[in-house]
Amino acid sequence: MPEKHSHKTLRYRLVGGAFLCLVTIFALVLLSRQPDTSVLAYVAALSLGSALTSALLWQSGPLRPVTVMAIALLGNGIALFGFTIFEDDYYRFIWDGWRILETGTPYGIPPADFFDNESVPPQMLAVLEWVNYPQYPTIYGPVLQIIFAITSVFAGTDEFGLRLVFAAASLLTSGLLLRKFRPERVVLFAWNPVVIAETTLHLHSDIFVGLALFAAIVAGRRHPLMAGSLLAVAAGVKLVALAAWPILLRLRPRALIAALTTLLLLYGIFAVQGQGVGLDSTETFATIWYYNPLAYQPLFLLFGPTWGRLVALFVAGMIVLWMHAQSRSFDDVPLAAIFGVILLFAPAVNTWYLMWLLPLAVGRKEVWPYVASAALPLSYLTGLNLENFTLEEFQVHPAAQYVEWSLIAAAIIYDCWRLRGSRSAKERTAAPISSPQVSVVIPALNEERSIGETVSGIMRANPDGLKEVIVADNGSQDRTAQIAKEAGAVLVTEPEKGYGAACLAGLGKVDLKSNIILFMDADLSDVPEEAASLIAPIVAGDADMVIGSRPLGTIDPGAMTVPQRLGNWLAPALVRLIWGIRYTDLGPFRAIRRDALERLTMADRDFGWTIEMQVRAAKMGLQVCERPARYRKRVGTSKISGTIKGVFAAGWKILYVIGREAFGDFDHSHLGSLTTTGRKAAKAAAQN
């Protein structure tokens with residue numbers, strides 16, 4: 001009975017959400033058709049309707065996709081019969097469309113230059129009279145200009161044509177969302193009164209940004225060329241879409257090439273006509289426009305308009321890059337939050353800017369986008385719309401702005417608190433290993449003076465569960481291979497030079513029953529007797545990976561060069577900054593569960609091996625700990641620190657790997673040298 005009652009309640013919420021959506025749109029249409037509409041009543045209907053609809057639909061019963069589309073179609077259909085009040089951007093759309101049909105480009109010449117032009121038809125003169133900021137040429141991107149021109153062909157100066165096109169974009173976005181998410185989540189976008197109002201009723205073109213961005217996500221890894229082209233289309237609507245472009249680095253290179261080529265082509269169509277592409281007007285508005293700011297306002301008060309904008313741009317840019325880098329995969333990038341950060345620090349924030357991010361918020365359990373959709377309509381309460389002459393024309397009433405700030409700030413704090421709680425709940429403890437089976441992998445290149453003692457040393461130390469010692473000879477020109485074999489090691493040869501290549505070759509020889517892998521160098525710099533301290537936390541279930549930390553232990557005089565120490569500080573600092581995981585060392589002496597290593601899909605074949613392992617462990621959320629380790633002066637000459645070329649090559653590769661891992665997915669096409677049989681056996685062994 002309780003389950004049936006719960007299901008019934010969810011259905012009531014669903015019906016209530018649909019009803020509220022339609023009633024809100026109907027009320028807005030009626031108010032828009034009044035000769036003297038009260039902005040307070042209009043904003044109250046839009047804000048409360050959006051808030052209550054989202055609250056009801058946050059948890060709703062199951063429904064069919066056709067129901068989602070039917071209600072969305074009905075809501076947009078009702079909005080077609082409203083009038084656009086408190087907004088006049090659409091006059092510029094109609095003007096730009098006509099200009100393209102007449103001259104091939106809307107750019108370069110401000111509408112004000114046509115006020116006394118007798119060649120302008122009377123119907124266009126009526127439109128021109130209402131174009132906002134006529135002293136500036138258009139700022140709208142080439143994709144929008146093409147849409148405006150096509151609309152002008154069949155609709156002329158009738159705004160109804162724009163309503164049909166914009167409504168179609170909204171419905172198409174809802175349809176695409178249904179391909180990826182459950183219908184009961186899609187309704188949060190499709191039935192949101194703010195989405196319908198700002199698109200079909202208020203005629204704001206920003207829905208095309210959200211549509212193109214989400215279409216690119218749907219194309220994703222399966223169609224990288226299409227994904228790149230769609231991201232270019234989004235940027236061709238508004239350049240703010242470039243904030244999503246780092247996800248292209250997670251796809252094959254041709255996705256970025258497609259994006260650049262498409263964007264150049266879109267702008268090139270108009271650029272070749274010699275009247276620009278609107279970037280001059282965009283720069284003007286970016287430097288002077290100030291409207292309903294959020295986090296930008298204190299920066300404006302502290303630094304003034306110029307430096308305030310630069311500081312806001314820098315802070316927002318760093319946060320956006322950090323959020324991209326925090327993401328593990330293409331599908332995991334929080335694009336809604338990324339555009340939310342842009343709005344947070346923008347000098348001008350309009351309600352319709354939410355169309356950039358609301359489609360991208362559907363798959364995420366965050367409340368702030370829906371709180372914002374209820375709060376930002378308060379920005380319509382300006383001095384001009386309120387006819388309040390104590391305020392400037394485009395100044396939002398202080399009380400309305402305070403409510404906006406309070407609601408959005410509370411929602412962000414709540415989401416952060418909830419996210420922190422969910423992460424804490426997901427923290428797992430690695431399962432103890434009842435029967436440890438340890439394989440030691442030692443990459444070696446021309447180490448005949450030390451390899452015998454290294455192998456003998458780890459065998460004498462005999463850490464718990466030691467099963468085998470594998471030496472991966474990396475094409476040595478001396479007796480390294482022979483001595484290693486005589487000392488009792490399993491020998492594998494990897495002629496391709498590279499530390500990672502040798503490690504991968506060694507992994508290919510690991511016994512199928514081994515469940516812990518220990519890596520150490522062949523030059524006697526690591527102390528074999530300390531192997532037990534690295535293995536113990538894994539056996540106990542306290543860690544997935546343990547790193548022997550030289551800074552936490554003892555570094556013998558002359559054992560590490562200055563460049564090594566610098567790199568050993570810089571790389572962990574970058575990892576901590578990006579992923580929040582604190583490492584003190586990139587030391588090669590380390591132990592890791594075999595099943596955890598399998599999940600890391602190691603692929604690097606030279607100097608980036610150790611940092612790749614640590615970064616991927618951070619991205620995967622593995623439990624990693626460090627144990628103090630002594631680092632002795634090596635026998636022989638280091639292949640890295642022993643030459644200037646080696647130092648620079650290693651440093652560059654480490655930084656490259658950090659950048660690659662920050663803006664790239666795990667490359668599942670490269671699974672190291674572990675065979676399929678070996679992977680299955682490793683998983684089976686880990687369960688024993």
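Residue numbers run from 1 in the order of the sequence given.
Between Ile196 and Cys21 the shortest side-chain heavy-atom distance falls below 4.5 Å. At least one side-chain heavy atom of Thr138 sits under 4.5 Å from a side-chain heavy atom of Gln145. Side-chain atoms of Trp245 and Leu263, non-hydrogen and from C-beta on, do get closer than 4.5 Å to each other. Using a 4.5 Å cut-off on side-chain heavy atoms (C-beta onward), Pro110 and Tyr136 make no contact. Put simply, the side chain of His324 reaches to within 4.5 Å of the side chain of Ile247, judged on heavy atoms. Phe208 has its side chain out of reach of Val143: every pair of non-hydrogen atoms, C-beta onward, lies at least 4.5 Å apart. The shortest distance between side-chain heavy atoms of Leu22 and Trp191 does not fall below 4.5 Å. Inter-residue side-chain proximity for Arg309 and Tyr296 is flagged as met; some heavy-atom pair is nearer than 4.5 Å.
By the salt bridge (Lys or Arg N to Asp or Glu O under 4.0 Å) test, Glu87 pairs with no residue at all, sequence neighbours left out. Remark: Leu321 engages Met318, Phe663 in a side chain to side chain contact (heavy atoms under 4.5 Å, CB included) (not counting sequence neighbours). Residues forming a salt bridge (Lys or Arg N to Asp or Glu O under 4.0 Å) with Arg254 (at least two apart in sequence, or on another chain): none. The side chain to side chain contact (heavy atoms under 4.5 Å, CB included) test applied to Tyr91 returns Asp88, Val127, Trp130, Val131, not counting sequence neighbours. Residues that satisfy the ring-ring contact (aromatic ring centres under 6.0 Å, His included) test with Phe86, not counting sequence neighbours, are Tyr42. For Asp89, the side-chain hydrogen bond (donor to acceptor under 3.5 Å, both in side chains) partners at least two apart in sequence or on another chain are Asn132. With sequence neighbours excluded, the residues that form a salt bridge (Lys or Arg N to Asp or Glu O under 4.0 Å) with Arg221 are Asp331, Asp665. Residues passing the salt bridge (Lys or Arg N to Asp or Glu O under 4.0 Å) test with Arg163, sequence neighbours excluded: Glu159.
Smallest separation of non-hydrogen atoms from Leu46 and His202: CD2-CE1, 4.2 Å. Here the closest non-hydrogen pair linking Ala149 and Ile100 is CB-CG2, 3.8 Å. Considering every non-hydrogen atom in both Ala45 and Thr24, the closest pair reads O-CG2, 3.5 Å. When all heavy atoms of Lys619 and Gly664 are compared, the closest pair comes out as NZ-O, 3.1 Å. Smallest separation of non-hydrogen atoms from Ala244 and Leu335: CB-CD2, 3.8 Å. Pairing each heavy atom of Ser174 with each of Val186, the nearest pair is O-CG1, 3.9 Å.
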For residues 76-83, dump all side-chain donor-acceptor pairs below 3.5 Å to protein atoms at least two apart in sequence or in another chain.
residue : atom : partner : partner atom : Å
Asn76   : OD1  : Thr200  : OG1          : 2.6
Asn76   : ND2  : Ala72   : O            : 2.8

Enumerate, atom names and distances included, each donor-acceptor pair closer than 3.5 Å involving a side-chain atom of residues 228-238, sequence neighbours excluded.
residue : atom : partner : partner atom : Å
Ser229  : OG   : Leu225  : O            : 3.0
Ser229  : OG   : Thr262  : OG1          : 3.4
Lys238  : NZ   : Asp206  : OD2          : 2.8

**OP:** Walk me through it: do Trp95 and Phe148 pass the test ring pair (Phe, Tyr, Trp, His ring centres under 6.0 Å)?
**Re:** CA-CA 9 Å; Trp95 176 260; Phe148 299 157; over 10 Å; no
Original post:
Taking it one step at a time, do Gln401 and Leu294 satisfy side-chain contact (heavy atoms from CB on, under 4.5 Å)?
Top reply: CA-CA 9 Å; Gln401 199 165 36; Leu294 301 173; 5.9 Å; no
**OP:** Walk me through it: do Asn350 and Asn292 pass the test side-chain contact (heavy atoms from CB on, under 4.5 Å)?
**Re:** CA-CA 7 Å; Asn350 292 293; Asn292 190 40; over 6 Å; no
Original post:
Would Glu184 and Leu14 satisfy side-chain contact (heavy atoms from CB on, under 4.5 Å), going step by step from the backbone distance to the final call?
Top reply: CA-CA 8 Å; Glu184 50 269 31; Leu14 186 64; 5.7 Å; no
Subject >> Trp58 and Val367: CA distance, side-chain angles, deciding distance, side-chain contact (heavy atoms from CB on, under 4.5 Å) verdict >> reply: CA-CA 9 Å; Trp58 187 253; Val367 302; 3.7 Å; yes
**OP:** With side chain to side chain donor-acceptor pair (under 3.5 Å) as the test, would you mind laying out the steps for Asn192 and Ser50 before giving the verdict?
**Re:** CA-CA 6 Å; Asn192 190 329; Ser50 176; 3.2 Å; yes
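Among residues at least two apart or in separate chains, there is no salt bridge (charged side-chain N to carboxylate O under 4.0 Å, His left out) pair with a member in residues 91-110. Contacts classified as ring pair (Phe, Tyr, Trp, His ring centres under 6.0 Å) and involving residues 333-358 (residues at least two apart or in different chains) are given here: His204-Trp352, Tyr353-Trp356.
Counting non-hydrogen atoms of other residues, nucleotides and ligands closer than 6.0 Å to CE of Met226 gives a total of 12 or fewer. Taking a 6.0 Å sphere around OH of Tyr291, one finds it holds more than 12 heavy atoms contributed by other residues, nucleotides or ligands. By the neighbour-count criterion of 12 heavy atoms within 6.0 Å, atom CZ of Phe314 is sparsely surrounded, having that number or fewer from other residues, nucleotides or ligands. Heavy-atom contacts from other residues, nucleotides or ligands closer than 6.0 Å to CD of Glu283 number 12 or fewer. Other residues, nucleotides and ligands contribute over 12 non-hydrogen atoms within 6.0 Å of the CZ atom of Phe181.
No side-chain donor-acceptor contact under 3.5 Å links Ser327 to the backbone of Ser329. For the pair Ser54 (side chain) and Tyr370 (backbone), a donor-acceptor distance under 3.5 Å is absent. Under a 3.5 Å cut-off, the side chain of Ser47 and the backbone N or O of Ala44 do not form any donor-acceptor pair. Checking side-chain atoms of Arg364 against main-chain N and O of Ala336 turns up no donor-acceptor pair under 3.5 Å. Within the 3.5 Å criterion, the main-chain N or O of Ala271 finds no donor-acceptor partner in the side chain of Gln275. Between the side chain of Thr37 and the backbone N or O of Arg33, no donor-acceptor pair lies under 3.5 Å. Side-chain N or O atoms of Gln273 include one that pairs as donor or acceptor with a backbone N or O of Gly104 at under 3.5 Å.
Taking the six-membered ring where the residue is Trp, Phe300 and Tyr290 present tilted rings, their angle falling between 30° and 60°. Classification of the Phe285-Tyr133 ring pair by plane angle, with boundaries at 30° and 60°, yields perpendicular.
Using modelled atom types and a 3.5 Å distance limit, the side chains of His397 and Tyr380 yield no donor-acceptor pair. A donor atom on one side chain and an acceptor atom on the other are not found under 3.5 Å apart for Thr199 and Ser170.
With Trp579 as the aromatic partner, Arg328 does not meet the cation-pi criteria of under 6.0 angstrom to the ring centre and within 45 degrees of the ring axis.
Among Leu386, Leu381, Asn385, the single residue meeting the side chain to side chain contact (heavy atoms under 4.5 Å, CB included) criterion with Val43 is Leu381.
Atoms CG and CZ, from Leu63 and Arg11 in turn, are 8.5 Å apart once rounded to the nearest 0.5 Å.
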